[in-house]
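Below, read A as the first sequence line, B as the second, and so on, with proteins coming before strands; counting in each chain starts at 1.
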Amino acid sequence: VDAERGLVDAAAGGSREAFDELVVRYQGQVLNLVRAMTADDNDAEDLAQEAFIRAWRSIGTFRADSAFRTWLFGIAINLVRTHHGKRSRLRQFFRPSPRDADGIDLLERVPVADGIEAPLAMREVIDRALSTLPEDMRAAVVLRDVQGLEYREIADALGLPIGTVESRIFRARQRLRPMLEAFRKK
Amino acid sequence: MMVPMTCPTAEPLIARYVDDPEALGAGERQQLEGHLAICEACRVVLESQRHVARMLHARPQLPIPAGFSARLAARLDAEPRGWLGLANWRAWTVALAPVAGGIVLAGWLGGFAGTQTSSTAGEPFDTWIVGAGSGAGPAAPFLQASNGDVLLEAVLTGAGSAGDVDGR
């Protein structure tokens, strides 16, 4: 943590080398966060890059009272929200089918195969199931169960009371259960 | 005596209990465990929460695309820093906020001191107007003008001296 604090301080002072080190540490996590939030590989790369650009621009304003990754994930989540807002009209034409709620459609669309393809199929199913959630629930459950943040960190990243975070995670998991249950049985 | 927990109260706590039972306070955990012992529906919910959490934890990570770092580095290189960073208004407005605050405070204190000085000098407004006859201030000729013609002439000629007006 102290080593990271040193990197963050150096980056805030203008050191690109320090910021590049932070990128190396967090690029995988940020990429997976936005992929789980968008269910789209191309959007994920663009948004992950944009999150780091925004972080570099504003790292001088980063306050030490939260962890760097919490702050960085907050930037990424906000970018995803803005991105979804821009696409909201388009999404009306591509709403997930109601049958997604029981997981059947999801499984029919994604080929589940043995070997190297299986992890890809599993990720695809999970991300599609996540995409059926309302955005506020999705952000909370992704930060907890995909990214492994503590409840306090999630509350900081989303600017919410911890009780609200608990409630959103609970409701998100309840909605996901039938879709992921079906995947397991397959 | 401990109040029994209801299902709606228990449910949000179940999510956290699944992740880390120790994260709940001792009293809260004891209440929840007491409720789970007698409520089959909540035990089913607990199990389904565990299952979903396990599935999401096991979600295969997306590999970092080839060239991701290089493309990001190129974009970061194009970002202005140093003096060029002044184009980043957020950076310099934050940096200059204390300076701006100091200027506002100094201005306020200066204004307050000026008000105090004039009020203690015992120089009422009408005294200043009377004194205008001896060129006490630029507004004096207009304030002393007795009719519209004189006022108009004073404006047109610039009313350079109080004597011009006084002479009429």
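At a 4.5 Å heavy-atom cutoff, the contact between A36(A) and chain B is made by backbone and side-chain atoms alike. For a residue to count as touching a neighbouring chain, one of its non-hydrogen atoms must lie under 4.5 Å from one of that chain's; by this rule V45(B) touches chain A with backbone and side chain alike. Looking at N32(A), the atoms closer than 4.5 Å to chain B (heavy atoms on both sides) sit in the backbone and in the side chain alike. Of the atoms belonging to A73(B), heavy atoms from both backbone and side chain fall under 4.5 Å from chain A. Only the side chain of I162(A) comes within less than 4.5 Å of a heavy atom of chain B; its backbone N, CA, C and O stay farther away. If you measure heavy-atom distances from Q29(A) to chain B, you find no contacts under 4.5 Å at all. When heavy atoms are compared at a cutoff of 4.5 Å, V23(A) approaches chain B solely by way of its side chain, counted from C-beta outward. Heavy atoms closer than 4.5 Å to chain B are found nowhere in Q147(A), neither backbone nor side chain.
Cluster annotation: Y17(B) and L149(A) are assigned to distinct hydrophobic clusters (Ile/Leu/Val/Met/Phe/Trp/Tyr, side-chain heavy-atom contacts under 4.5 Å, transitive). Residues L76(B) and I59(A) fall within the same hydrophobic cluster, defined by Ile, Leu, Val, Met, Phe, Trp and Tyr side chains chained together at heavy-atom separations under 4.5 Å. Under a hydrophobic-cluster definition in which Ile, Leu, Val, Met, Phe, Trp and Tyr are linked whenever side-chain heavy atoms come within less than 4.5 Å, directly or via other members, I14(B) and V141(A) are assigned to different clusters. No continuous path of hydrophobic side-chain contacts links Y151(A) to F170(A) [ILVMFWY only; heavy atoms under 4.5 Å]. A single hydrophobic cluster is seen to contain both L160(A) and V146(A), as judged by linkage of ILVMFWY side chains at heavy-atom distances under 4.5 Å, directly or through other members.
With rounding to the nearest 0.5 angstrom, the CZ atom of R75(B) is 5.5 Å from the CD atom of Q49(A). Rounded to the nearest 0.5 Å, atoms CZ (R54(B)) and CG (L180(A)) are 12.0 Å apart. Taking CH2 from W56(A) and CG from L72(B), the interatomic distance works out to 11.0 Å, rounded to the nearest 0.5 Å. Here CZ of R173(A) is found 9.5 Å from OG of S48(B). Values are rounded to the nearest 0.5 Å.
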Start with the C-alpha distance between R144(A) and R16(B), add both sets of side-chain angles, then the distance that settles side chain to side chain contact (heavy atoms under 4.5 Å, CB included), and finish with yes or no.
CA-CA 10 Å; R144(A) 172 62 214 156; R16(B) 196 146 191 206; over 6 Å; no

Kindly indicate, with the supporting measurements, whether the criterion salt bridge (charged side-chain N to carboxylate O under 4.0 Å, His left out) is fulfilled by D77(B) and R16(A).
CA-CA 9 Å; D77(B) 288 342; R16(A) 257 299 297 283; 2.5 Å; yes

Set out, in order, the CA-CA distance, both residues' side-chain angles and the distance that settles side chain to side chain contact (heavy atoms under 4.5 Å, CB included) for R57(A) and E79(B), then state yes or no.
CA-CA 8 Å; R57(A) 284 178 191 159; E79(B) 286 288 310; 2.8 Å; yes

Step-by-step salt bridge (charged side-chain N to carboxylate O under 4.0 Å, His left out) determination, E11(B) to R171(A):
CA-CA 9 Å; E11(B) 284 179 346; R171(A) 286 183 289 134; over 6 Å; no

Any chance you could lay out the side chain to side chain contact (heavy atoms under 4.5 Å, CB included) test for Q61(B) and R123(A), step after step, and finish with the verdict?
CA-CA 8 Å; Q61(B) 296 283 295; R123(A) 186 175 64 234; 5.9 Å; no

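P65(B) and L31(A) get closest at one heavy-atom pair: CD-CD2, 3.2 Å. Heavy-atom minimum distance, P12(B) versus E166(A): O-CB, 3.9 Å. Considering all non-hydrogen atoms of both residues, Q49(B) and I169(A) come closest at OE1-O, 4.5 Å.
Ranking L176(A), L130(A), D127(A) against chain B, the residue ahead of the rest is D127(A), based on heavy-atom pairs under 4.5 Å. Most heavy-atom pairs under 4.5 Å with chain A: of the set D20(B), V18(B), I64(B), D19(B), this distinction falls to D19(B). Annotation: maximal heavy-atom pairing with chain A below 4.5 Å, among V52(B), L62(B), L56(B), occurs at L62(B).
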